Amino acid sequence: MTHPGNIPVDTPEEVLRVQGLVETLFVAMRTIQAYGTEHPLSRQSTLALGQRILEMPPPFSLQFVGQALFRDRTMIPLPLRVYRLGHHLGQVLHRLHLQELVIDRTIPAGNLVEFCRALSEADAGRLDALDGLEVPGLSWRELPSARYGIEVEEVDPEVFSSAQLALAIGDAELLPTGAAPWSFAKGLTVVRRLERAVQVSREAVGRALELVPGPWSVARRAVAACTHVLTALTSLEASGATRRVAGHAALAISWYGLSSRGGGPFQRAAGYAVERLLEAPAVARTGVEPHRAKTSALLFLAAEERLEGDRPPPLLDLLRLAYEVEVRRCPGDVRFDLTLADLLATVLNEPIEGCNLAWSRVLATAYGEIPPGARVLLPDGRIGLVLGDSEAGRLRPQVLVNGAVVVPEGPVKFISPAALARAGGG
Amino acid sequence: MPSHEPSSREPTGEITGEHRTEPVNVARIIGSTLDGLIRSCRVESPSVMQIAGRLLDRWRPFPDCVLRLEPTALYIGDVEVLTAQEDDGRWLLPAFMAGVKTVQLGDDTRPEDLVRLASELAALGPSLASIARLRDWLWAEGAEGFDVLLDHGFVDGLDASMTDPVRQRALLEALRSEGSVALGLMAERIASRDLDAAAARDEFFLPLEAFSQMLSEGDLSLSSDETAGLSADCDDSLFWIDAQVHLAFAHPELQAQVPAERLARRALALVRSGASGRFLNFLAELVRRREPYARKLQQELDTAEAGEALGMHVPLEERYIETLAPLLAGPASTLTRTLANRLLERCTGSRESLQWLARLMATVGFEAFLGKVDAAALSERCAVVTCRLLIASRAPLHPLAELLAHVAPATGIKLAGLLPADMLFRLKQPVLKLVSTASHKDAEALLATLGLHAQHDWGEVLGEVLQSSRGADWPLPVVRAACAVIAARGHAASYLVPLIQDRHVGDDVKLTALRFIEKDPAAVAKLGSLSLASLFQSREVKDRVKELRRRQEEGR
């Protein structure tokens with residue numbers, strides 16, 4: 001399934017079919033409203049609707065969310081005339097507290113008439129028009145956090161961040177590989193998702209990043225590097241433009257530089273990335289956008305490692321830190337990975353050569369007071385995973401122990417993979 | 001907007017101020033002209049730039065005016081200024097679908113910015129690719145010159161809307177459980193050889209105790225100064241401009257895509273907010289480079305605004321002398337002229353800054369530095385201090401001459417008063433020019449001073465000037481003062497008598513000269529030897545000469 005934020009390009013024929021369906025549904029509703037269910041015109045219009053459904057063909061679903069129309073959760077562009085009809089239908093459905101219609105198979109004409117009658121009644125103000133109605137092949141439901149015609153506001157940060165992160169990792173897997181030119185659109189999609197996730201809750205995105213199921217693939221680690229940069233810069237309240245450029249650069253460097261275990265040198269990764277970025281064709285009619293020029297320029301500086309006075313520009317330090325952390329995340333020759341807490345402990349103790357230690361400190365606190373995902377030993381001897389800060393104190397975070405979230409009685413202790421290894425080996 | 005920083009201004013969305021009386025009309029004109037511009041871009045009309053200029057003229061008086069997009073209409077405040085139809089405003093719906101919520105002019109919007117935005121809107125169609133392209137363009141800061149607010153809630157926020165919270169919650173719970181279970185079983189899952197390998201590796205001996213201690217003691221937090229410093233470094237516009245310039249130098253094929261005009265414009269915006277030494281470094285680097293791209297950038301940055309701001313804000317530190325020197329020693333430009341003046345004005349206020357300025361001038365070369373200065377624009381105080389500085393620095397005469405020649409006459413008189421007699425005499429040309437341009441009183445005072453300089457014969461100098469100009473260049477009081485100096489130095493016979501002889505000299509000048517001849521017997525004698533009939537036209541002059549002769553006879 002495609003997802004709506006990463007707008008896919010459907011064929012014009014498919015789009016036209018959906019537009020036609022919306023138009024016919026609207027006409028059928030209005031015809032029944034005007035002439036009743038027995039009139040030949042009403043029969044004719046519902047037959048046309050049935051034909052349109054057949055042409056789609058089922059199964060498919062339509063969502064009316066945020067003034068937009070989606071088919072199978074893919075946004076459908078509408079010309080103005082059809083938009084007005086779709087908008088009206090969306091309002092009618094919203095009145096009935098539903099946003100989604102799911103059509104599994106062809107619907108008998110008689111049932112369609114009933115459904116359109118219910119819609120026409122809802123259009124006239126009856127809010128229980130669908131109560132008790134059953135239409136074989138057609139179901140409808142409310143999307144609980146979706147609203148029609150107003151902004152989406154009531155989204156659980158945990159849900160939102162983990163959803164965006166999972167989608168970002170999925171998008172990252174589609175990034176160009178080998179010598180193919182970079183795709184700014186795809187890169188920007190990943191960055192945009194992560195930026196939104198970080199804006200909603202840095203702690204939640206850190207937690208999701210560390211705990212989301214699945215291996216630490218290159219895509220996930222590239223997304224993690226990008227997230228580190230975005231989180232650090234967000235915590236510093238850097239501008240959105242800077243965040244996006246630096247995040248995009250981190251994503252590109254990591255995508256090209258990381259391997260399944262470890263990764264290549266930072267400078268070489270940046271050099272390879274900038275070549276791919278410069279090969280990407282311009283798509284805007286009006287030339288290269290500042291974001292694109294700045295991302296390429298930042299990667300170029302990273303590849304050249306040009307010094308400004310006696311130190312590299314600060315952003316390069318952050319890019320290097322984010323990259324090196326993800327290189328170390330999956331050390332070669334072993335089959336398990338380090339957590340963010342392990343990695344931060346390392347870079348704080350032994351700063352990456354030439355890197356401003358301040359960035360490690362920023363990153364160490366950017367996701368919360370204790371990095372989520374850290375393995376800790378509780379005072380009662382149990383082992384748990386840090387989920388996030390609690391109000392109990394700095395070293396008393398929320399910890400996940402055997403499926404339950406607890407706040408420990410006293411300070412927790414970090415456990416190193418070496419300790420675990422020794423314990424297991426023993 | 002997410003892709004553009006929110007403006008520092010708080011938009012009211014309303015037309016305010018002096019135009020409050022006709023806001024609706026103006027708003028509608030803005031809306032319809034914008035639509036007209038977009039349609040013109042669609043058909044690639046050659047007049048798009050003029051339309052953009054007209055629109056900007058209409059819009060600019062209302063910097064707080066915010067265009068708000070709805071799917072089928074455009075609003076300014078509460079006024080619907082454009083309704084989407086099949087032709088008019090057909091860009092509104094796809095733009096809205098791309099997430100555009102509001103559009104506001106930036107601080108420095110230009111017609112080309114409007115054309116750029118209009119071109120992208122003109123290319124919009126009801127297709128996913130087209131909508132996605134506009135959205136990416138906006139996110140990539142494509143709409144330069146505007147503050148555009150992109151609505152998360154429409155396109156991108158749908159991810160969240162469409163996420164089934166029940167399913168998502170279940171996933172999270174599973175994730176947590178899995179993490180917990182995995183943790184519990186970790187010792188069993190990891191193969192022994194992995195454990196051995198891991199235990200042998202240095203990187204697994206993590207300094208977690210130290211980390212834990214740092215966390216518990218709060219050692220990791222940065223001070224607000226450190227945070228602000230890092231943040232400012234990251235957002236430093238000059239860093240971004242510099243980075244792009246270096247990319248363009250290394251990849252000339254990109255120079256057309258990263259136009260010098262756009263970078264220069266951003267640099268100038270930076271200058272406007274207070275140029276720093278780093279801007280100067282950037283400029284100096286450009287001066288050093290030979291590439292046409294560097295030259296083009298320099299041309300674009302060659303504005304009085306940049307010179308003014310640099311002169312006002314460049315730190316008066318030793319290291320910047322070396323950076324400024326090549327710039328000021330190079331060819332004169334709008335920027336260097338303004339910069340030189342501003343530096344003079346700024347540095348003549350205190351002893352320390354004056355010393356810094358003296359070192360800068362000496363490094364650049366006094367002539368080269370003052371060659372950039374628009375002396376006429378200098379304040380009197382600044383000119384006086386500069387003059388003193390030049391005198392004290394034993395600078396060559398030329399810069400002083402330039403200063404004297406170009407400052408306001410009253411200021412010049414003051415400067416002349418500061419110059420030692422010897423220097424003043426060597427600067428006789430600008431001094432004589434001053435005599436011509438200063439007020440009578442100032443010129444008389446200056447000439448009186450010159451007459452007192454015993455070691456230099458100003459009488460001869462003034463005599464030459466008076467003779468050659470026949471007294472026509474100076475007003476009578478000044479002629480009188482000059483004659484006094486000439487006579488006092490014993491040159492009445494040489495210069496004043498020939499003046500009286502000259503038929504082209506005015507009577508009033510001759511009469512004035514006659515007054516100074518009577519005290520000089522040699523001059524009177526010379527005058528007596530001349531034939532009255534052949535020399536004098538005016539009765540008054542003749543009478544005066546006769547009177548002189550008579551008194552001379554009586555004296556004998």
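The sequence lines fix the lettering, A, B, ..., with proteins before strands; numbering per chain opens at 1. None of the values given here were measured: they were computed from a predicted structure.
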Exercise. Might you point out which heavy atoms bring A/L301 and B/A243 nearest each other, and give the distance in Å?
Key: CD1-CB, 3.6 Å
Self-check item: Heavy-atom side-chain proximity of A/F300 to B/H251 below 4.5 angstrom
Solution: yes
Quiz prompt | Any B/F239 side-chain heavy atom under 4.5 Å of A/T242 side chain | solution = no
Quiz item: Of all heavy-atom pairs between A/A293 and B/L247, which one has the smallest distance, and what is that distance?
Solution: O-CD2, 4.1 Å
Practice problem: Under 4.5 Å heavy-atom distance to chain B, tell me which part of A/V245 shows up: side chain, backbone, both or neither. | Solution: side chain
Self-check item: Min side-chain heavy-atom separation B/R135-A/R192 under 4.5 Å
Solution: yes
Quiz item: How long is the span from the CE atom in B/M97 to the CG atom in A/L78, to the nearest 0.5 Å?
Solution: 4.5 Å
Quiz item: At a heavy-atom separation under 4.5 Å, does A/L318 approach chain B through its side chain, its backbone, both, or neither?
Solution: neither
Quiz item: With respect to chain A, which residue among B/A84, B/S130, B/S221 yields the maximal number of heavy-atom pairs within a distance under 4.5 Å?
Solution: B/A84
Quiz item: Under the side-chain contact (heavy atoms from CB on, under 4.5 Å) criterion, do A/N356 and B/L230 qualify, and how do the steps go?
Solution: CA-CA 10 Å; A/N356 185 350; B/L230 276 180; 4.2 Å; yes
Practice problem: Answer whether the closest heavy-atom distance between the side chains of B/R90 and A/L80 falls below 4.5 Å. | Solution: no
Quiz item: So which part of B/L93 gets closer than 4.5 Å to some heavy atom of chain A, the side chain, the backbone, both or neither?
Solution: side chain
Quiz item: Who among A/R328, A/E237, A/R84 has the most heavy-atom pairs with chain B under 4.5 Å?
Solution: A/R84
Quiz item: Is it the backbone or the side chain of A/S296 that comes under 4.5 Å from a heavy atom of chain B, or both, or neither?
Solution: both
Quiz item: Hey, which of A/L299, A/L348, A/V412, A/V274 has the most heavy atom pairs under 4.5 Å with chain B?
Solution: A/L348
Self-check item: Side chain / backbone / both / neither for B/L134 at chain A, heavy atoms under 4.5 Å
Solution: neither
Quiz item: Do A/T189 and B/W139 come close enough that some side-chain heavy atom pair is under 4.5 Å?
Solution: no
Quiz item: Does some side-chain heavy atom of A/P290 sit less than 4.5 Å from a side-chain heavy atom of B/R266?
Solution: yes
Quiz item: Rounded to the nearest 0.5 Å, how far apart are CD of B/Q244 and CZ of A/R292?
Solution: 12.5 Å
Exercise. Find the one option among B/T227, B/L222, B/V245 whose heavy-atom pairs under 4.5 Å with chain A are most numerous.
Key: B/L222
Quiz item: Considering only heavy atoms from C-beta outward, does the side chain of A/H291 approach that of B/W137 to under 4.5 Å?
Solution: no
Exercise. Tell me, for A/L233 versus chain B, whether the close heavy atoms (under 4.5 Å) come from the side chain, the backbone, both or neither.
Key: side chain
Quiz item: Rounded to the nearest 0.5 Å, how far apart are CZ of A/F184 and CG of B/D136?
Solution: 11.0 Å
Quiz item: Does the salt bridge (Lys or Arg N to Asp or Glu O under 4.0 Å) test come out yes or no for A/R361 and B/E226, once each step is laid out?
Solution: CA-CA 11 Å; A/R361 290 161 65 199; B/E226 284 175 302; 3.6 Å; yes
Quiz item: Tell me, do A/K294 and B/E141 make a side-chain contact under 4.5 Å, heavy atoms counted?
Solution: yes
Quiz item: Is there a donor-acceptor pair closer than 3.5 Å between any side-chain N or O of B/D235 and the backbone N or O of A/S239?
Solution: yes
